[in-house]
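The structure presented is a predicted model; accordingly, all values stated were derived computationally and were not measured.
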Amino acid sequence: MAEYDPQIVEAKWQKVWQEQNAFHAEDNDSSRTKYYLLEMLPYPSGTLHMGHMRNYTIGDAVARYKRMCGFNVLHPIGWDAFGLPAENAAIKRGTPPREWTNANIAQMKSVCQRFGFSYDWDREISTCEPEYYRWNQWFFLRMLEKGLAYRRRSRVNWCSQCQTVLANEQVIDGFCWQHDTTPVEAKEIEQWFLRITQYAEALLEGIGELAGGWPERVLIQQRNWIGKSQGARARFDVAQIADLSLEVFTTRIDTIYGVSAVLISANHPGLEKLLEGVRGASGMQEQLKSMRAKSVRAADIATAEKEGFFTGRFAVNPFSGESAPIWVANFVLAEYGTGAVMCVPAHDERDFEFAEKYHLPVTIAIQPLQGTPLRDDRMNEAFTEYGRLVDSGPYTGLTSEQALVKMADDAKAKGFGEPQITYRLKDWGISRQRYWGTPIPVVYCEKDGIVAVPDDQLPVRLPENVTLTGQGQSPLASVPDFVNTTCPKCGGPARRETDTMDTFIDSSWYFYRYTDPHNDRAPFDKEKAAYWFQIDQYIGGVEHAILHLIYSRFFCKVMHDLGLVNHLEPVKRLFSQGMVLKDGAKMSKSKGNLVGAIEMADKYGCDTGRLYTLFAAPPEKDLEWNEQGIEGASRFLNKVYRLVSKHAGSVRGIETDLTSPTDLASATAKEKILIRRTHQTLKRVTNDFDVRWHFNTSVALIMELVNELQAQEPLDVEVSPLILKRVLMALTLMISPMTPHIAEELWEMLGFSGGLVQQQWPRYREDLTREEQVEIIIQINGRVRSKMLVEDSLSEDELRERALNDPRIKPLIDGKTIVKVIVVPKKLVNIVLK
RNA sequence: GCCCAAGUGGCGGAAUUGGCAGACGCGCUAGCUUCAGGAGCUAGUUCUCGCAAGGGAGUGGAGGUUCGAGUCCUCUCUUGGGCACCA
């Protein structure tokens, strides 16, 4: 008997699949229901690590299962090929980004093929190819036309040593990654933005449509990210400056009688005017400079020690008429709300902390509805809940809920404010001062200003052979051939935009390109996209819960408004797969904790690797990687191989298929066990694939079936070859989505030719899953005291009677008072004693 | 700091709708078998008291709801992810 050699088996079947082009998806196949299954496109870092492996194994198992269920499955892959790492590699090693990237793609593609992932390689895309990125440019131009793309000044991380812009990742504890003694500064430059905020409400509404198909946690995170808040704007006039006022946004206008100060951002546009003529203003400029120069990362700002200074100016509280000092505070964001907030220490935690540090008064404006009233000399934390207003002029006595409405309305009536909805979502800054990305297709003409590159001149090609230093301005600015051009409008001299686009643009619409990957007249054909969309199932890491998935949804809505698609959400169902951790942290190149898939393939074979990945944990759960359990997967496949090859000789000649009827009545006892176990396993594995997506339990169930088969050896006694063949067929088909190579081999051993990719998923029969008897547990006061085997059909009364007369139960309840007896049919009887 | 998750044996995990906690696998222990391979087979393996039968405890921690809680509620601790220029 031949031993199972995964390397030989896997190479053999991969060749067959390749020759058959087995996984090509046909457009507009009207005979079958389409199923678009997609895993998030990888960044070609060069190593296909266990995080990818897990993602693709899950996807592939589902793709193969769906094909077996009769769907026309689109299962594509491509490469998110632009981005920072290629540029870093170029700086470090001098390898041109394209060369580095393409070598990585080739490497990772070969690993994907080696693992037998059933992709339609005819549809492979790479975002760094002009054929792809010209459509990024095309989309940008459409957005420019619609006023969705615009330019404004905005802050970036700046290293004064490198004289260059740093990505957040390149900022380590506030210092440049290359110069760990140079603190990163913030610098304001002109940048391109996409007006995603215009779609804030639509993005929020769409969440309703996604409920049910997307994980709840992702939707919650997106809703919070968009951060709609119903609040009010109120204008505080600045004392002594007639034409200057500060607008604050607050969600707690009910607390306004507790204002101790007005806090404004160091980047507030009115600051300059505010400080004019103030004594000591020059000293303040120093402080402002240092506050403005801090890192622009939100997490850094939020965790920084609260700092501020008094501007010397006062503002008038429009409700109370009292004056409040105006402070600059580092935790007030210029980008959110109005860039100014009212400081109410008694009812806001951050304000309380700020007031403690700078000894601002704490004035109570809200008292709790119940419990001990607050005293302003006894507060050691803010009271942030709703309550009843006190010392609030005409509003005293109202509840917070009442006051929120009335005060906002009054502000509007009196002309110093109004109710307002604000979103936390900010416009999407897409300019990158980098080389390896999509050139932004505009030119700057002295005469005509900003001029869009016309469609027929796309793509604006990224020049090759550019020397990257990691220093100074955008690398493209030092390529004269690129920069110097003519204005499409007037024909005069013009300069090209030298910034490139955020790579999130590439990944915001790539899944449409798969439906029509070679189209050179449009990003995709509308008909083709209409056939395949929406994506039936998207699978990817939970770390993409917000950014990628919000940008994609935004793009879809813009495309809808451009008339390119007729749906509003690109992804019907999302599966958020858990991360693969190593040493307690996400496996990623930047953390240097990668474990490659190829090593595992060499050592154990790909099917073993696939099986173990699925078996190790349910797919939504984070998985700390170690290879401790992989032997188990390897042993199991060997066991199955031995089992099938042992019996192949006696069953391979038998003609049968799984749809022919099975007669339980004439079966032997052994056959009954095997038939029932097989159908029970089929039922639960089908449920795992269709509903639960818990492949770890599928594997466990199939292992149990194999154990049962072994326990029933010898299988050529009291088991007809026909029954045995059917059991082995079902077993082979069940493992095939997870371990496709060995399954093909076993299928062939069972006497079939033509491969099993086209085979149908086996159906279970409910009547064949049922056992004749069920086990009922008997509890006393919730503790198991006995068990009994009874007929399935027993009534509640009969169950109660039998339980009370159970020989182990009787002595325990003798002489005690039975309070009640709870009977759960087919499960348990619980006797409650006093 | 803010938002979102997750915590069950020595380890990965199971318990699908509130109903036997620890399926399946790894590891370990003992035995068998084989001629030495990272093989196969059998039995055992949460902790604890006990020779045993059997009892008690137990799902990060503290409370609560319930006949019954890993599962529901409140608080809390720890770990992981995201925080807009890593992708």
#### Entry: Pairing residues for A:K228 by the salt bridge (Lys or Arg N to Asp or Glu O under 4.0 Å) criterion, not counting sequence neighbours
A:E201

### Query
Watson-Crick or G-U wobble partner for B:C47, using a 3.5 Å limit on both distances?
B:G56

### Task
Mark yes or no for a side-chain to base donor-acceptor pair under 3.5 Å between A:Y612 and B:G12, with no hydrogen or angle criteria applied.
no

### Side-chain N,O (A:R635) to OP1/OP2 (B:C24) below 4.0 Å
no

### Message
Does A:Q433 contact B:C85 through a side-chain donor or acceptor facing the base, at a distance under 3.5 Å?
### Response
yes

### Task
Classify the nucleic acid contact of A:G578 as base, sugar-phosphate or nothing, counting any heavy atom under 4.0 Å across all strands shown.
nothing

### Pair assignment for B:A69, Watson-Crick or G-U wobble, requiring both distances under 3.5 Å
none

### Query
Which is true for A:R217 with a 4.0 Å heavy-atom rule: it touches a base, it touches only sugar-phosphate, or it touches nothing?
sugar-phosphate

### Summary
Mate of B:U74 across any strand shown (Watson-Crick or G-U wobble, both atom pairs under 3.5 Å) is B:A62

### Query
Base, sugar-phosphate alone, or nothing: which one does A:E704 contact when heavy atoms must sit under 4.0 Å apart?
sugar-phosphate

### Task
Scan every strand shown for a Watson-Crick or G-U wobble partner of B:G31, both distances under 3.5 Å, and answer none if you come up empty.
B:C41

#### Entry: Whichever of A:K639 and A:A617 has its nearest RNA chain B nucleotide further upstream toward 5'
A:A617

### 5' priority, RNA chain B, between A:A299 and A:P618 [closest heavy atom]
A:P618

### Query
Do A:Q222 and B:C4 share a donor-acceptor pair, side chain to base, under 3.5 Å?
no

### Query
Between A:R432 and B:C85, is there a side-chain N or O to OP1/OP2 distance below 4.0 Å?
yes

### Task
Could you tell me which nucleotide pairs with B:C24 by Watson-Crick or G-U wobble geometry, both distances under 3.5 Å, or answer none if nothing does?
B:G12

### Message
By the 4.0 Å heavy-atom rule, please label A:H548 as base, sugar-phosphate, or nothing.
### Response
nothing

## Note on the structure
Taking a pair to mean Watson-Crick or G-U wobble geometry with both distances below 3.5 Å, B:C85 pairs with none

#### Entry: A:T697 side chain near B:A14 phosphate (N/O to OP1/OP2, under 4.0 Å)
no

### Task
May I ask you to check whether A:Y150 and A:D427 show a side-chain donor-acceptor distance below 3.5 Å?
yes

### Query
Given the P atoms of B:U46 and B:A39, what is the spacing between them in whole Å?
24 Å

### Query
Counting only Watson-Crick or G-U wobble pairs whose two distances fall under 3.5 Å, which nucleotide matches B:G80?
B:C4

### Message
Considering every strand and a 4.0 Å limit on heavy-atom distances, what is the contact class for A:V784: base, sugar-phosphate, or nothing?
### Response
sugar-phosphate

### Check against side chain to side chain donor-acceptor pair (under 3.5 Å), A:Q178 and A:Q170
CA-CA 8 Å; A:Q178 312 268 31; A:Q170 298 169 318; over 6 Å; no

### Query
Which part of the nucleic acid, if any, lies within reach of A:L425 when heavy atoms closer than 4.0 Å are counted: base, sugar-phosphate only, or nothing?
base

### Query
Under 3.5 Å, is there an N or O donor on one side and an acceptor on the other linking the side chain of A:K827 and the base of B:C20?
no

### Task
To the nearest Å, give me how far apart CD (A:E620) and P (B:A5) are.
13 Å

### Query
Looking at A:F354, is A:K306 sitting on its ring face, NZ or CZ under 6.0 Å from the six-membered ring centre and within 45 degrees of the normal?
no

### Message
At less than 3.5 Å, do the side-chain atoms of A:N224 and the base atoms of B:C3 form a donor-acceptor pair?
### Response
no

### Query
Please give, in whole Å, the distance from B:G82 C1' to A:K586 NZ?
9 Å

### Query
Taking the same atom, C1', in B:A69 and in B:G58, what whole-Å distance lies between them?
13 Å

### Message
For the backbone of A:L549 and the side chain of A:S552, can you confirm whether one donor and one acceptor N or O come within less than 3.5 Å of each other?
### Response
no

### Message
In whole Å, measure the gap between the C1' atoms of B:G38 and B:C51 for me.
### Response
40 Å

### Message
What contact category does A:K603 fall into here, base, sugar-phosphate, or nothing, at under 4.0 angstrom with non-hydrogen atoms?
### Response
base

### Query
Is there a donor-acceptor contact under 3.5 Å from the side chain of A:N104 to the main chain of A:P44?
yes

### Query
Between A:W436 (side chain) and A:A81 (backbone), is there a donor-acceptor pair under 3.5 Å?
yes

### Task
Please check if any side-chain donor atom of A:W214 sits under 3.5 Å from a side-chain acceptor atom of A:Q222, or the reverse.
no

### Message
Can you check the distance between B:U8 and B:U59, where both ends of the measurement are the P atom (answer in whole Å)?
### Response
12 Å

### Query
Looking only at atom P, what distance separates B:C67 and B:G12, rounded to whole Å?
36 Å

### Message
Can you say whether a donor on the side chain of A:E775 sits under 3.5 Å from an acceptor on the base of B:C20, or the other way round?
### Response
yes

### Task
Give A:I822 one of three labels, base, sugar-phosphate or nothing, depending on what nucleic acid heavy atoms sit under 4.0 Å from its own.
base

### Assigned glycosidic conformation for B:G9 [threshold 90° from 0]
syn

### Query
Using a cut-off of less than 4.0 Å, is there contact between a side-chain N or O of A:K306 and OP1 or OP2 of B:G1?
no

### Message
Over all strands shown, is A:T503 touching base, sugar-phosphate only, or nothing at heavy-atom distances under 4.0 angstrom?
### Response
sugar-phosphate

### Query
Quantified in whole Å, what is the P atom distance between nucleotide B:G19 and nucleotide B:C73?
15 Å

### Query
Mind checking the P distance from B:A23 to B:U45? Whole angstroms is fine.
10 Å

### Same-atom distance (P) from B:G81 to B:U71, integer angstrom
26 Å

### Query
Does any N or O donor sit under 3.5 Å from an N or O acceptor when you compare the side chain of A:R434 with the base of B:C85?
yes

